[in-house]
Number of protein chains: 2
Amino acid sequence: MTHHATRTLQELGYRLTPQRTMVWEVLRRTRGAHLSAEDVCAQVQADFPHVNLSTVYRTLELLVGLKLVRETCLGSDRRYYEVEEEVPHHHVVCGLCGKVEHLSDDSLQTTRHLLNHVLGFEMREATFFGVCRTCLSAVNEGEEEHHAHP
Amino acid sequence: MTHHATRTLQELGYRLTPQRTMVWEVLRRTRGAHLSAEDVCAQVQADFPHVNLSTVYRTLELLVGLKLVRETCLGSDRRYYEVEEEVPHHHVVCGLCGKVEHLSDDSLQTTRHLLNHVLGFEMREATFFGVCRTCLSAVNEGEEEHHAHP
DNA sequence: TCGTAACTGCAATATGTTTGCAGAAGCCAC
DNA sequence: GTGGCTTCTGCAAACATATTGCAGTTACGA
Ligand SMILES: [Mn+2]
Ligand SMILES: [Mn+2]
Ligand SMILES: [Zn+2]
Ligand SMILES: [Zn+2]
């Protein structure tokens, strides 16, 4: 477990087990992706087949609690995990194809201030649901075909 | 089933059953709230105890498909339902107490344009996660107590 | 190297949602 | 109104995701 995660765990008295190392490594090397607990488990098991899914869940819970990993809701079925970066970001989810895009925190400064002034709310993360560029043009082409004969 | 939901269902050839009527009525009279399938079922069963949860799920799925009801993700465990209003709105969720506040669509025009310009994305709904005013002041009081003796 | 508390694997459990099926009932034609 | 066809419902079982109890294993400081 390279990086500060090693130190954090050991400094806080948690044991540095191969399972924890592997979970962290999987998340680190898939930076930018959003993995479910099962995705993480599958990747860990590729190298270390006996690792159990419940251990992965427990490890993710631990890392999330320590703010080394971020747990995100991108729809309603499962939870997704990614390493917690220094600069936070937000998510833009296409409801048709499921693609997830990132949005910098900077671009939401006005929204953050709005929420703060209107509701006294401190925004931590935002998720936007809608239709991505690709699906949008696919739909429009369909519409054109549909209305093509007047 | 008052209102356009009656017409819509019958015009499209769906049968107007008491179960469907009750589900719709429950959602209509709790306007502004966010009910899980079980919440809806419990309220339906208060008047009509034999109605089954799976029927409620099937009815919600139908109404969502017809865009009479809106299904929203406000965290990760369950799905929540509310009547689909003419003017859409967005959700602001406190991660500490779970309170959900509403935000008008108008206030997100700039964000909508941003997403459209930057990603070609058509935003339909947004959810903001963070800390509400109440929880924020509770936390601050705690901090003050904590740092009270220099 | 040893001892102990923390951790893991496994199986069982919890919770939310979906599905197959047989019987019930809405709705249209008469 | 009555019948008949087809959709819909209740029920139970299955499914998907996440959690937990426990016995055995392992990390790690002494
Ligand atoms: Mn992300
Ligand atoms: Mn709402
Ligand atoms: Zn898409
Ligand atoms: Zn709160």
Side-chain angles (χ1 to χ4, degrees), chain A residues 1 5-26 34-45 47-66 68-81 98, chain B residues 1 5-26 34-45 47-66 68-81 98:
Chain A
M1 191 172 307
T6 318
R7 266 171 289 150
T8 307
L9 281 182
Q10 293 201 308
E11 282 168 9
L12 294 175
Y14 295 102
R15 293 187 181 169
L16 199 56
T17 65
Q19 290 87 340
R20 288 175 176 170
T21 305
M22 307 268 314
V23 167
W24 174 252
E25 284 302 327
V26 164
H34 305 97
L35 278 61
S36 69
E38 287 209 85
D39 294 335
V40 172
C41 191
Q43 290 209 37
V44 168
Q45 287 179 337
D47 297 328
F48 207 157
H50 68 87
V51 172
N52 196 272
L53 181 57
S54 66
T55 301
V56 173
Y57 274 111
R58 282 187 280 228
T59 303
L60 290 170
E61 183 183 31
L62 175 66
L63 296 176
V64 169
L66 297 177
L68 294 167
V69 167
R70 183 171 161 196
E71 185 182 55
T72 314
C73 165
L74 302 171
S76 93
D77 35 6
R78 345 147 95 77
R79 301 174 199 172
Y80 291 91
Y81 300 89
Chain B
M1 193 171 309
T6 317
R7 266 171 288 150
T8 307
L9 281 183
Q10 293 201 308
E11 281 168 8
L12 295 175
Y14 295 102
R15 292 184 181 170
L16 199 56
T17 66
Q19 290 86 341
R20 288 175 177 169
T21 306
M22 308 266 314
V23 168
W24 175 251
E25 285 302 327
V26 164
H34 305 99
L35 277 61
S36 69
E38 289 207 85
D39 295 335
V40 172
C41 192
Q43 291 210 37
V44 168
Q45 287 179 336
D47 298 328
F48 209 157
H50 68 85
V51 171
N52 196 272
L53 180 57
S54 66
T55 301
V56 172
Y57 273 111
R58 282 187 281 228
T59 302
L60 290 171
E61 183 183 32
L62 175 67
L63 297 176
V64 168
L66 296 178
L68 294 166
V69 167
R70 183 171 160 196
E71 184 181 56
T72 314
C73 166
L74 302 172
S76 95
D77 36 5
R78 342 146 98 76
R79 303 175 196 172
Y80 292 92
Y81 300 89

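Below, chain A is the first sequence line, B the second, and so on; all start at residue 1. Every value quoted in this text rests on a predicted model; they were computed, and no experiment measured them.
- Residues B/Q45 and B/V51 approach most closely at NE2-O, 2.6 Å, considering heavy atoms.
- For the helix from C/dT1-D/dA30 to C/dC30-D/dG1, the terminal axes (five pairs an end, C1' atoms, rotation from four pairs onto the next four) enclose an angle of 30°, given to 10 degrees.
- Smallest separation of non-hydrogen atoms from B/C73 and A/C73: SG-SG, 2.6 Å.
- Residues B/Y14 and B/R20 share a closest heavy-atom pair of CB-NH1, 3.8 Å.
- At distances below 3.5 Å, not a single donor-acceptor pair connects side-chain atoms of A/Q19 with backbone N or O atoms of A/V56.
- Nucleotides of DNA chain C nearest to B/R58 and B/R79 differ in position, and the one nearer the 5' end is that of B/R79.
- With sequence neighbours excluded, the residues that form a ring-ring contact (aromatic ring centres under 6.0 Å, His included) with A/F48 are A/H50.
- Nucleotides of DNA chain D that come within less than 4.0 Å of any heavy atom of chain A span, from the 5' end to the 3' end, D/dT17 to D/dC28.
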Next on the checklist: What verdict does the side-chain contact (heavy atoms from CB on, under 4.5 Å) test give for B/T59 and B/W24, after you've listed the backbone C-alpha separation in whole Å, the side-chain angles of each residue and the deciding distance to 0.1 Å?
Outcome noted: CA-CA 9 Å; B/T59 302; B/W24 175 251; over 6 Å; no
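- When all heavy atoms of A/L35 and A/V40 are compared, the closest pair comes out as CB-CG2, 3.8 Å.
- Judged by closest nucleotide on DNA chain D, B/L62 is the one of A/S36 and B/L62 placed further toward the 5' end.
- When every heavy atom of B/Y81 is checked against every heavy atom of B/E71, the shortest pair comes out as OH-OE2, 2.9 Å.
- Taking each heavy atom of B/L53 and B/A37 in turn, the nearest pair found is CD1-O, 3.9 Å.
- Taking A/R58 as the reference, nothing meets the salt bridge (Lys or Arg N to Asp or Glu O under 4.0 Å) condition, with sequence neighbours excluded.
- Contacts of A/E61 classified as salt bridge (Lys or Arg N to Asp or Glu O under 4.0 Å), with partners at least two apart in sequence or in another chain: none.
- If you walk DNA chain C from 5' to 3' and mark each nucleotide with an atom closer than 4.0 Å to a heavy atom of chain B, the marks span C/dG16 to C/dC27.
- Heavy-atom distances to DNA chain C give each of B/Y14 and B/A37 a nearest nucleotide, and the one nearer the 5′ end belongs to B/A37.
- As judged by a 4.0 angstrom heavy-atom cut-off over every strand, B/E61 is placed among residues making no nucleic acid contact.
- Between B/T55 and B/R15, the residue whose closest nucleotide on DNA chain D is further toward the 5' end is B/R15.
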